[in-house]
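Quantities reported herein were computed from a predicted structural model and do not represent experimental measurements. Order of appearance sets the numbers: ligands from 1, and atoms from 1 within every ligand.
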Amino acid sequence: MDCRICGGTVTEFLDLGRQPSANRFVPPGRAAEEPLFPLAVGACGGCTMVQLTTEVPRELKYHDEYPYRASGSALHREHFARAARDLLRTELTGPDPFVVEVGCNDGVMLGTIADAGVRHLGVDPAAEVAALAAARGVRVLTDWFEARTAAAVRAVHGPADVVFGANTICHLPYLGSVLAGVDTLLTADGVFVFEEPYLGTIVERTAFDQIYDEHVFYFTVRSVRELARRFGFELVDVAPTPLHGGELRYTLARPGRRRPSPAVEQWLDRERATGLAHPRTVERFAEAVRRVRTDLVATLERLAAEGRRVVGYGAPGKSTTVTNYCGIGPALLPFICDSTPAKQGRVVPGARIPIAPPEAFRAPYPDFALLFAWNHAEEIMAKERDFAERGGRWIVYVPRVQVL
Ligand code: TMP
Ligand code: ZN
């Protein structure tokens, strides 16, 4: 296929089979109707961008009942409150500043901006999450962020000092339109700040569960720098953030308006040294992914043969990739507990594993718990200390399958 960014040739390196849209948690009766799509990733020989080879239509992904809640963990709430405070302190300091967020979800970041009385607008196509944001005082436009919407926002609200996105920019296949929109919106000295899953972390930790239909792109510092250049921006800063097992936050500005941080070159050097996005590196990653599948299925089958009870903990989109790729269904994992009400009573798409509220975890405790929400391990293990104290064991599969 042709690269969505530069038109170069994308070479596939990992095929995760036919999969449903990861966050379409459906009532059990409707599960059979859900469409499946090929899930595979490749790297562009031109601009190095790693990307999905097939696209799921956006209306299937970000529908009105889109169940993901960015406020679902203390980790996210604290991180985004801090991100908002940082923006207020560093970028939103002029007279009557204005910030636009691409995909504001339930207002986890903009809530703090709204509390500070600063002008803002969230743009999010999913009606239920947008309503949650509005209920906490966040101004939301229920739509997709692209060149068209950016022009409309500018016409009504004027230019923005910051355009922000978190775990949303890599979701948008039409990044050219997004960056054209950012160009329309930003003031001369404005910045586009976004934080997204990092290919370096995914490869280093074999975190293949980050690969699902919503994540169209898997950024590296190099591919983001190319992307920025191609659409008239400059990458001026890169910083690690702790979400989803380790992400990077990128800052883009208009060329020559900001002095680039030394971090940009440092990250590029590191990527050169590790050969990230090099065909050999991604082939090795694909092998490691297949090994995790073999080990995880073998572990669950062994425990089942021994008559042990195993349940899942946390049903993020990541759990859809893992269960469908590994062929794990209700026979190996009778249910997964998750704290998100919008997921409870539904089933994991494709794998059709029922999702239960967290209380089901304690009634009674299973022998083993497969931790899908491994990026929240600290928070969850602290909350469920009693499970481990009574002899319960956690199973993790990142960076490799381990029974803790
Ligand atoms: P995320 O990693 O994409 O934020 O998703 C985490 C999922 O795990 C989300 O569906 C909520 C769920 N979860 C729990 O069920 N219990 C918890 O204590 C935490 C932190 C998350
Ligand atoms: Zn390319």
Side-chain angles (χ1 to χ4, degrees), residues 1-11 22-23 25 41-53 66-80 103 105-106 108 129 166-168 170-171 173 175-176 195-197 207 209-210 212 214-220 222-231 241-247 277 311-322 335-344 346 348 353 355-362 369-385 387 394 398:
M1 65 159 297
D2 294 342
C3 172
R4 294 175 178 86
I5 307 301
C6 77
T9 302
V10 173
T11 306
N23 272 312
F25 294 90
V41 278
C44 172
C47 71
T48 74
M49 185 68 86
V50 170
Q51 53 200 284
L52 294 183
T53 55
Y66 180 64
Y68 182 67
R69 303 289 181 261
S71 295
S73 65
L75 176 70
H76 276 67
R77 289 191 296 274
E78 285 158 18
H79 172 75
F80 287 114
N105 199 270
D106 56 10
V108 66
V129 287
N167 299 299
T168 53
C170 75
H171 293 218
L175 281 183
E195 40 185 80
E196 309 287 322
D209 55 357
Q210 283 287 0
Y212 51 89
E214 291 181 27
H215 295 164
V216 177
F217 297 107
Y218 303 84
F219 293 148
T220 63
R222 174 154 174 212
S223 64
V224 169
R225 188 183 59 164
E226 295 291 324
L227 171 77
R229 274 192 189 149
R230 193 164 285 271
F231 294 103
T241 81
L243 302 192
H244 303 288
E247 304 199 313
V311 308
Y313 204 108
K318 303 174 192 75
S319 67
T320 302
T321 294
V322 176
F335 70 89
I336 303 178
C337 64
D338 192 284
S339 56
T340 315
K343 295 180 183 176
Q344 295 160 5
R346 300 190 164 221
V348 175
I353 300 171
I355 299 172
E359 297 73 53
F361 187 60
R362 292 165 209 127
L370 175 53
L371 185 60
F372 290 108
W374 55 269
N375 47 318
H376 303 287
E378 206 177 313
E379 184 175 338
I380 289 172
M381 287 180 185
K383 192 185 294 181
E384 303 293 356
R385 192 166 293 130
F387 163 64
W394 291 101
V398 170

Counting from 1 in the order shown, the ligand 1 atoms closer than 4.0 Å to a non-hydrogen atom of His76 are 4 (O)
Non-hydrogen side-chain atoms of Glu384 and Trp394 separated by less than 4.5 Å: yes
Check whether any side-chain N or O of Thr320 sits under 3.5 Å from a backbone N or O of Ala22 as a donor-acceptor pair, and report yes or no. yes
Determine whether the side chain, the backbone, both or neither of Tyr68 has a heavy atom under 4.0 Å from any heavy atom of ligand 1. side chain
Ligand 1 contact on Lys343 by region, counting heavy-atom pairs under 4.0 Å: side chain
Suppose we measure from atom 10 (O) of ligand 1 to each protein heavy atom; which comes out shortest, and what is that distance? Asp338 OD2, 2.6 Å
For the side chain of Tyr218 and the backbone of His215, is there at least one donor-acceptor N/O pair under 3.5 Å apart? yes
Counting only N and O atoms by type, is there a donor-acceptor contact under 3.5 Å from the side chain of Glu226 to the main-chain atoms of Thr48? no
Determine whether a donor-acceptor pair (N or O, by modelled atom type, separation under 3.5 Å) exists between the side chain of Lys343 and the backbone of Ile355. no
Kindly say whether the aromatic ring centers of Tyr313 and Phe372 come within a distance under 6.0 Å. no
Taking side chain as C-beta onward, heavy atoms only, is Gln344 less than 4.5 Å from Phe25? no
CZ of Arg222: more than 12 outside heavy atoms within 6.0 angstrom? no
Nearest neighbour in protein (non-hydrogen) for atom 17 (C) of ligand 1: Lys383 NZ, 3.4 Å
Has Lys318 got any heavy atom lying under 4.0 angstrom from an atom of ligand 1? yes
Side chain to side chain contact (heavy atoms under 4.5 Å, CB included) partner of His76, the single match among Asp106, Asn105, Leu243: Leu243
Check: Arg4 side chain, Asp2 main-chain N or O, donor-acceptor pair, under 3.5 Å: no
Check: Phe217 main-chain N/O paired with Gln51 side-chain donor or acceptor under 3.5 Å: no
Just need the protein heavy atom nearest to atom 5 (O) of ligand 1, so name the residue and atom and give the distance. Pro316 CB, 3.5 Å
Can you list the ligand 1 atoms lying under 4.0 Å from a non-hydrogen atom of Glu379? 20 (C)
Which ligand 1 atoms, with their elements, are less than 4.0 angstrom from a heavy-atom of Ser73? 20 (C)
Looking only at atom types and distance, does a side-chain atom of Arg346 sit under 3.5 Å from a main-chain N or O of Ala356, one as donor and one as acceptor? no
Could you tally the protein N/O/S atoms lying less than 2.8 Å away from the Zn ion (ligand 2)? 4
Against heavy atoms of Thr340, which atoms of ligand 1 measure under 4.0 Å? 9 (C), 10 (O), 11 (C)
Under 4.0 Å from one or more heavy atoms of Ala373, ligand 1 contributes atoms 8 (O)
Quick one: look at Ser339 and ligand 1, take heavy-atom pairs under 4.0 Å, and tell me if it's side chain, backbone, both or neither. both
For ligand 1, indicate whether the residue Asn375 contacts it via side chain, backbone, both or neither (heavy-atom separation under 4.0 Å). side chain
